[in-house]
There are 2 protein chains.
Amino acid sequence: MKPDDAAVIRSLPLFADAREETFAELVRTAFLQRFPPGVTLINENDEADFLHVVVEGQVELFATFGERETTMSIVEPVGTFILAAVLNARIYLQSARTLQKSQVLMIPAEKVRDAMGTDAAFTRAVVTELARGYRRAVKEVKGQKLRTGAERLANWLLQRADAEGAGRITLPFEKRVLSSLLGMTPENLSRAFAVLKTHGVTSRGAVITLADRAALAAFARPDPLIDGPE
Amino acid sequence: MKPDDAAVIRSLPLFADAREETFAELVRTAFLQRFPPGVTLINENDEADFLHVVVEGQVELFATFGERETTMSIVEPVGTFILAAVLNARIYLQSARTLQKSQVLMIPAEKVRDAMGTDAAFTRAVVTELARGYRRAVKEVKGQKLRTGAERLANWLLQRADAEGAGRITLPFEKRVLSSLLGMTPENLSRAFAVLKTHGVTSRGAVITLADRAALAAFARPDPLIDGPE
DNA sequence: CGCTCGTTTGAGAGGTCTCAATTTGGGTGG
DNA sequence: CCACCCAAATTGAGACCTCTCAAACGAGCG
């Protein structure tokens, strides 16, 4: 691993407060691997062997039930995934596949658990990160149960626009993935976009333009208790 | 608080491994309050002041979006709620109200955070409990996105029947609450029960009978990665 | 006994899904 | 650089699921 990769990972909330020895030991025993797009990294039902850190690229977390499948989240640099399964030494609830050429750091689960026993600051960071993820999942449930598909899309667009600080968004992945992330079919996403056209949303390919933010917000009714990043 | 109440709380996974002083301090500064049914204990958007432990009765966690409302979970003795908000000193994402006459222990959030700094075993238990809740929430998302209403009901019934070890279930709360917990309307729950009639499910009032577990399971396709308790 | 509230049933509208047919747009190879 | 090609996206039709509104039913309680 390159020194600046290590520096970026070190700056993650999860590792920033850890002691030097703790971080060194975690990184020393970790593997940094490159993957082409479309590779399955983990399968639900497998034992949680590694904490994963996306250093480069894009990873999709998804879940299945019989033949049905849904996208649970997209992890981009620098983000971690399946912390909970690692901590409780459980099996994965979600599968993961690369959407782009990616670079992933894999830290042995055992080392993470060991580090918690010896580094209180790291443990505190783990708690904070876990609680953050927990709250994200709760918000996801709220969005799914309380909003329609078009509302979820509208709020996703608003959030994205705010993050990019513009009225023009470029989708970071295919619409098919977005539809699954929002809990609908690709066909339905198209129709949701058609609905939002009456609120100033136009799309050409992957480029979405929000002509009237206020009108879209009036429809979406964004709520920090559902849309907030944490 | 009565000594045996303290003993029950002490036996919770969250507190079982804590040092004696830690537990004593937490309980010493806590309030044990009784509430009649229908009382709102906390409101989403309020600051997280207390970790709540349901000692007796039944508490409903719910969330709202505009005029819409949905039940997030039901907490029964002895269970805790809103741990994540307490740990990260954030606002509540969910509201809570009593469904029955209840007794709730309220531990000041600050004391919980303090205890984590001084008691590593307690901290470890907090991590485990958090991760458990996180995984529960992920499973909830999976169920909502991957299953139909009737399927969610069927799996809920199977889980309940297994817990009670019988083919006959008595609903622990109103069907209205169950419908909201499962993410549908009361009318739709009735129709879901009608669907399950063809799979051996009959109901008279709050008493549900599963005549043919195998047939119901064939319809529900229970999955430990969605239905499991943790 | 009769009220009240939860539940059920019915009808109709809206939302979502599947299947199928086009259209679009990006990527590749000539 | 361009034409082709294929996957992704859109559009349409019909079925299914879910929601709302309304009314009837039933159980529990005063």
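Heavy atoms only: backbone and side chains are in, while hydrogens, waters and symmetry mates are out. To find a chain, count down the sequence lines: A is the first, B the second, and so on, and within it residues start at 1.
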Inset, instruction - Would you mind building the protein contact string for nucleotides 5-20 of chain C? One character per nucleotide, 5' to 3', B for base within reach (heavy atoms under 4.0 Å), S for sugar-phosphate only, - for untouched. - result: -SSSBBB----SBBB-
Legend entry - Residue pair Arg136(A) / Val138(A), side-chain heavy-atom distance below 4.5 Å: no
Inset, instruction - Enumerate the residue pairs fulfilling salt bridge (charged side-chain N to carboxylate O under 4.0 Å, His left out) with a member in residues 64-77 of chain B, sequence neighbours excluded, ordered by first and then second residue. - result: Glu151(A)-Arg68(B), Arg221(A)-Glu67(B), Glu69(B)-Arg97(B)
Legend entry - Minimum-distance pair of heavy atoms, taken over all atoms of Ala150(B) and Leu196(B): O-CD2, 4.2 Å
Inset, instruction - Please report the closest heavy-atom contact between Ala85(B) and Ile91(B), naming both atoms and the distance. - result: CB-O, 3.9 Å
Legend entry - Closest non-hydrogen atom pair, Leu225(B) against Leu93(A): O-CD2, 3.9 Å
Inset, instruction - Would you check if the side chain of Thr198(B) reaches a backbone N or O of Val195(B) as a donor-acceptor pair within less than 3.5 Å? - result: yes
Inset, instruction - Before giving the answer on side-chain contact (heavy atoms from CB on, under 4.5 Å), spell out for Phe50(A) and Val86(A) the whole-Å C-alpha distance, their side-chain angles and the decisive distance to 0.1 Å. - result: CA-CA 7 Å; Phe50(A) 297 96; Val86(A) 164; over 6 Å; no
Inset, instruction - Using the salt bridge (charged side-chain N to carboxylate O under 4.0 Å, His left out) rule, collect all pairs that involve residues 158-183 of chain B, keeping only residues at least two apart or in two chains. - result: Arg160(B)-Glu164(B), Asp162(B)-Arg213(B), Glu174(B)-Arg176(B)
Legend entry - Outermost nucleotides of DNA chain D that come under 4.0 Å of a non-hydrogen atom of chain B: dT18(D) to dC21(D)
Legend entry - Heavy-atom closest pair, residues Pro222(A) and Ala217(A): CD-O, 3.4 Å
Legend entry - Divergence of helical axes at both termini of the helix from dC1(C)-dG30(D) to dG30(C)-dC1(D) - five pairs an end, 10° steps: 30°
Inset, instruction - Please list all pairs passing the side chain to side chain donor-acceptor pair (under 3.5 Å) test where one or both residues lie in residues 31-57 of chain A, with sequence neighbours left out. - result: Arg34(A)-Gln103(A), Glu44(A)-Thr64(A), Glu44(A)-Lys142(B)
